[in-house]
Peer 1: 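Sharing a structure below in structure tokens format, with a few things to ask.
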Protein chains: 2
Amino acid sequence: MCHHCNYEELLSGADLEATPNRVRVLEVVGDNRFPLSASDIYKILERSSTINRVTVYRILDRLVENGVVERISTGGRAFYYGLAPNDYHQPHPHFYCKMCGQMDCLSPESLTVDTEALWKTYPGRIDKVEVRIDGICKNCEKRQTE
Amino acid sequence: MCHHCNYEELLSGADLEATPNRVRVLEVVGDNRFPLSASDIYKILERSSTINRVTVYRILDRLVENGVVERISTGGRAFYYGLAPNDYHQPHPHFYCKMCGQMDCLSPESLTVDTEALWKTYPGRIDKVEVRIDGICKNCEKRQTE
DNA sequence: AACCCAATGCAAATATATTGCATGAAGCTG
DNA sequence: CAGCTTCATGCAATATATTTGCATTGGGTT
Ligand SMILES: [Mn+2]
Ligand SMILES: [Mn+2]
Ligand SMILES: [Zn+2]
Ligand SMILES: [Zn+2]
């Protein structure tokens, strides 16, 4: 659990009514150390009580829309979701393992990106800079050589 | 047309027989100024002569596998494809317009990424660093305000 | 000729996400 | 309170992108 974030507050601060389902989704996303797919989130929620898959998708969409959650692309077909950057969470790159689909959060300093110039010169609206490392994670690498 | 690249050579250099279909796919990808989806590529090829959608997917997979073509994720659901970095094409970031789906190639210098440290310290295998800017392109931005 | 293999095609299946429509609860209006 | 509206949710159907299974074909090989 992220001790900085009160999820109800995060929701209302983003103009979203804190419905039980929204809180549950946000808890799963926020409490996890790495980003999850909609399907992962759904499966976790299903364990404790029933919720519809579509509801999960819709809630994730709203959370992304309102800047509470970040939608992250992977080297695979599904999006993953993590807490959006805020006062306590700096933007940072992710590592995606193409074998197991696990995504890791890398530290914000692991890799420096200078976007200054781009922001000044790009003739369109920039919403987000996503940096993703693709490869094979330590575990999968080991498993391969066995 | 990229005047540096001979596509037949690129294929054989990558241990791929230069079948007519492969050459056609690679021409479409290589001659285009920006990355295209499998579906875009299929539609373009269909115009000149018949080819199966699945063949396009399979060829793209082989080309990616053998390092001739790069698979690029977008803020949307489909992958885009562009020439893989080589002696004449440096790696570079892309801009993805979430309104029209158009992807732009940005110059390699538009944005500097220092991955040194990461390569040294990351305890897994790194295959690729992808940098993608998401937003709304100039055209779509203009259209919105009208 | 008989065999083999890789490339291709076509149909079906899969994975992921979205849409349309129904229901019910909460809040507001008069 | 009765009637109206809005919004969250569920369920079924649909859409989109991609993959798989299996058949065919054509070129090389024994
Ligand atoms: Mn993260
Ligand atoms: Mn490019
Ligand atoms: Zn892995
Ligand atoms: Zn656009």
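Computation of the quantities below employed the complete heavy-atom set of this structure, encompassing side-chain atoms and omitting hydrogens, waters and symmetry-equivalent molecules. Nothing here was measured: the structure is a model prediction, and the numbers come from that model. Residue numbering restarts at 1 for every chain, and letters A, B, ... go by the order of the sequence lines.
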Peer 1: From the list C/dA17, C/dA7, D/dT9, which nucleotide is the closest neighbour of the side chain of A/Ala38?
Peer 2: C/dA17

Peer 1: Between C/dA7, C/dC10, D/dT9, spot the one nearest the side chain of A/Asn21, thanks.
Peer 2: D/dT9

Peer 1: Counting side-chain heavy atoms from C-beta on, which of D/dA17, C/dT8, C/dA7 comes nearest to B/Glu17?
Peer 2: C/dA7

Peer 1: So, A/Asp127 versus B/Tyr96: side-chain donor-acceptor pair below 3.5 Å or not?
Peer 2: no

Peer 1: Rounded to the Å, how far apart are A/Asp15 CG and D/dA8 C1'?
Peer 2: 16 Å

Peer 1: Does a side-chain N or O from B/Asn52 land closer than 4.0 Å to OP1 or OP2 of C/dT8, or not?
Peer 2: no

Peer 1: Is B/Ser39 near enough to D/dT16 that one of its side-chain N or O atoms lies under 4.0 angstrom from OP1 or OP2?
Peer 2: no

Peer 1: Verify whether one side chain among A/Ser107 and A/Glu109 offers a donor that lies under 3.5 Å from an acceptor in the other.
Peer 2: yes

Peer 1: Establish, from distance only, whether the side-chain atoms of B/Asp31 and B/Tyr7 form a donor-acceptor pair under 3.5 Å.
Peer 2: yes

Peer 1: On DNA chain D, compare the nucleotides closest to B/Tyr81 and A/Ile59; which residue's is nearer the 5' end?
Peer 2: A/Ile59

Peer 1: Nearest whole angstrom, please: distance from the C1' of C/dA17 to the CZ of A/Arg71.
Peer 2: 9 Å

Peer 1: Is any side-chain N or O of B/Thr55 closer than 4.0 Å to OP1 or OP2 of C/dA7?
Peer 2: no

Peer 1: Any side-chain N or O of A/Arg22 below 4.0 angstrom from OP1/OP2 of D/dA8?
Peer 2: yes

Peer 1: Starting at the 5' end of DNA chain C, which residue's closest nucleotide do you reach first, B/Leu16 or A/Tyr57?
Peer 2: B/Leu16

Peer 1: Between B/Glu130 and A/Arg132, is there a side-chain N and carboxylate O pair less than 4.0 Å apart?
Peer 2: yes

Peer 1: For A/Asp40 and C/dT16, give me the distance from atom CG to atom P, rounded to whole Å.
Peer 2: 9 Å

Peer 1: Can you say whether a donor on the side chain of A/Arg77 sits under 3.5 Å from an acceptor on the base of C/dT16, or the other way round?
Peer 2: no

Peer 1: Base, sugar-phosphate, or nothing: which does B/Arg58 touch, judged by heavy atoms less than 4.0 Å apart?
Peer 2: base

Peer 1: Distance check needed: C/dA17 P versus A/Glu65 CD, whole Å only.
Peer 2: 16 Å

Peer 1: Looking at B/Arg71 and B/Tyr80, would you say the former's side chain and the latter's main chain have a donor-acceptor pair under 3.5 Å?
Peer 2: no

Peer 1: Map B/Thr19 and A/Ala78 onto DNA chain C by nearest heavy atom, then report which one ends up closer to the 5' terminus.
Peer 2: B/Thr19

